[in-house]
Amino acid sequence: MLATMLAAPAGAQTVAITGGTVAIGDGSAPIEGGTVVIANGRIVAAGRGVGVPAGAQVIDATGKWVAAGVVSAITALSLVDAEGVSESNDAGARTSPFKAAIDVADAVNPAGVKVANERLGGITRAIVAPDAAGSIFAGQGAVIDLGNDASPVTRARAFQFVELGEAGGRLAGGSRPAAYAALRDAFQQAQDYRRNPASFDGRSRDALVTRADAAALVKVLDGQVPLFVHVDRASDIRQVLSLPRDYPRLKLVLIGATEGWLVAKEIAAARVPVIAAALADLPASFENLAATESNVGRMRAAGVQVSLMSGGGAQAGDHVLRQYAGNLVAITRVPGATGLDWGQAFASITSGPAAAIGMDGEIGSLRPGRRADVVMWDGDPLELSSAPVAIWIDGQPQPMQSRQTKLRDRYLTPTEGALPKAYERR
């Protein structure tokens with residue numbers, strides 16, 4: 001039946017996936033013996049007792065899990081094929097005169113080698129962030145899908161990314177005060193541009209902020225575009241939380257927040273979402289001396305809206321997010337540690353990042369009306385031994401192959417004559 005479904009024309013009919021353990025992704029516990037109904041690329045219903053519409057194609061998921069697709073947050077997926085090869089890396093622009101105006105959506109490559117690999121790891125959407133290479137302002141990030149199609153951008157210019165803390169200090173000239181001076185000056189110039197665009201400089205060789213940068217920052221100051229701020233130290237987090245006193249329309253999202261547990265009540269009171277580094281449990285630098293794997297659990301317990309960032313790097317891959325989430329479930333059994341229950345942990349990699357960017361009404365869960373990003377697993381998706389057996393993005397079945405799997409299959413049992421010349425024995 002599954003093979004028949006995958007061969008059917010995309011969007012040919014309503015699909016009902018029945019009998020599986022359903023993980024909605026909204027923080028609720030898994031539902032055994034549930035049903036998920038998909039029609040016109042959207043979720044119609046999900047849960048126990050859901051009826052199967054007349055004429056629907058029925059897929060039996062007995063013994064399997066049917067879950068919301070994972071949303072990988074703060075990733076360079078689709079921008080980078082090989083980090084060490086500059087020609088294949090569009091994440092950062094060290095010498096560009098443009099900073100805040102950079103729009104990564106222009107470089108998203110749906111055919112990137114890593115895209116299909118990560119899709120097979122259960123990733124269906126990604127929040128793609130630029131890298132701050134030549135300025136504290138990295139540019140404008142995008143939300144994309146990992147579907148097998150030529151139009152992956154779900155939302156372009158979805159947020160502005162700024163680097164503060166240690167890295168921001170280095171980029172601004174050597175100190176945190178320099179980074180905040182650069183931030184405030186850029187905001188001031190954006191306000192000057194808004195007041196009188198015609199008289200704004202922005203094009204001379206000496207201009208610190210281009211006209212395009214200023215136009216992008218006006219949308220941030222007006223709250224039309226969220227400002228994602230990468231900070232880790234508790235004192236840096238406090239400083240960022242104070243920015244709305246001067247810029248009241250700012251919509252802040254904290255990225256990293258390794259020492260967030262120290263100021264969790266302040267973050268919660270400010271109602272600022274956090275996309276946190278999940279495995280920052282050792283002090284790798286001076287700005288995260290208070291690192292602990294209980295960080296996410298403690299922030300969640302304090303009322304912070306917290307989700308997980310990929311942060312896996314080129315070698316680990318975005319699919320390690322489910323390992324991070326699973327670890328937060330596991331540490332609830334460690335005396336003195338604070339983690340998440342299963343539903344909270346799964347939401348931290350599905351509806352959580354979607355909510356942080358203001359798109360939880362569109363992606364990140366199996367609630368009715370959301371885009372039908374669904375993954376059928378052969379077991380608990382937070383267990384490393386589990387793997388997807390079928391994937392839908394926007395309700396369309398996806399191929400269960402990638403370049404990686406094709407290479408694996410080709411060389412798993414090589415035979416004479418089937419290898420390239422370089423493999424011939426001498």
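Index from 1, following the sequence.
Heavy atoms only, all atoms of each residue included: Pro399 and Arg119 are closest at CG-NH2, 3.6 Å.
A side-chain hydrogen bond (donor to acceptor under 3.5 Å, both in side chains) check over residues 123-132, counting only residues at least two apart or in different chains, returns the pairs Arg125-Thr154, Arg125-Asp373, Arg125-Asp394. Identified under the salt bridge (charged side-chain N to carboxylate O under 4.0 Å, His left out) test for residues 290-310, with sequence neighbours left out: none. Sorted by first then second residue, the side-chain hydrogen bond (donor to acceptor under 3.5 Å, both in side chains) pairs that include residues 334-344, not counting sequence neighbours, are Trp342-Asp380. Residue pairs meeting the side-chain hydrogen bond (donor to acceptor under 3.5 Å, both in side chains) criterion with at least one partner in residues 263-277, sequence neighbours excluded, are Arg238-Glu266. Sorted by first and then second residue, the side-chain hydrogen bond (donor to acceptor under 3.5 Å, both in side chains) pairs involving residues 241-259 (not counting sequence neighbours) are Arg184-Asp246, Asp232-Thr258.
By the 4.5 Å heavy-atom criterion applied to side chains, Val37 and Pro53 are counted as neighbours.
With sequence neighbours excluded, no residue forms a side-chain hydrogen bond (donor to acceptor under 3.5 Å, both in side chains) with Asn295. In this structure, the side-chain contact (heavy atoms from CB on, under 4.5 Å) partners of Ala337, at least two apart in sequence or on a different chain, are Ser294, Ile331, Val334. Ala302 is linked by a side-chain contact (heavy atoms from CB on, under 4.5 Å) to Ala264, counting only residues two or more places apart in sequence or in another chain. By the side-chain contact (heavy atoms from CB on, under 4.5 Å) test, Pro283 pairs with Asn288, Leu289, sequence neighbours left out. Remark: Arg194 engages Asp222 in a salt bridge (Lys or Arg N to Asp or Glu O under 4.0 Å) (not counting sequence neighbours). Take Ser78 and apply the side-chain contact (heavy atoms from CB on, under 4.5 Å) test, not counting sequence neighbours, and it matches Val108, Val115, Val128, Ile144.
Shown here is Gln404, whose CD atom has no more than 12 heavy atoms of other residues, nucleotides or ligands within 6.0 Å.
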When the side chains of residues 155-162 are checked against the rest of the protein, which donor-acceptor pairs come out under 3.5 Å, sequence neighbours left out?
{"from": "Arg157", "atom 1": "NH1", "to": "Asp103", "atom 2": "OD2", "distance (Å)": "2.9"}
{"from": "Gln160", "atom 1": "OE1", "to": "Gly139", "atom 2": "N", "distance (Å)": "3.3"}
{"from": "Gln160", "atom 1": "NE2", "to": "Ala100", "atom 2": "O", "distance (Å)": "3.0"}

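Salt bridge present: Glu362 and Arg42 bring a charged side-chain N and a carboxylate O closer than 4.0 Å. The pair Asp192-Arg195 counts as a salt bridge, with a side-chain nitrogen and a carboxylate oxygen less than 4.0 angstrom apart. Under 4.0 Å is where a charged nitrogen must lie from a carboxylate oxygen, and between Asp81 and Lys114 no such pair does.
A donor atom on one side chain and an acceptor atom on the other are found under 3.5 Å apart for Asp26 and Ser28. Between the side chains of Thr75 and Asp318, at least one donor-acceptor pair of N or O atoms lies under 3.5 Å. In summary, the side chains of Ser235 and Arg233 do present a donor paired with an acceptor at a separation below 3.5 Å, with no hydrogens or angles considered.
Checking side-chain atoms of Thr405 against main-chain N and O of Ser402 turns up a donor-acceptor pair under 3.5 Å. For Gln398 (side chain) and Gln396 (main-chain N/O), a donor-acceptor pair under 3.5 Å exists by modelled atom type. When atom types are taken as modelled, the side chain of Arg370 and the backbone of Ile43 share no donor-acceptor pair closer than 3.5 angstrom.
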Exercise for the section: Please assess Ile357 against Ile127 for the test side-chain contact (heavy atoms from CB on, under 4.5 Å), listing each intermediate value before the final yes or no. Expected result: CA-CA 9 Å; Ile357 202 165; Ile127 299 174; 4.0 Å; yes

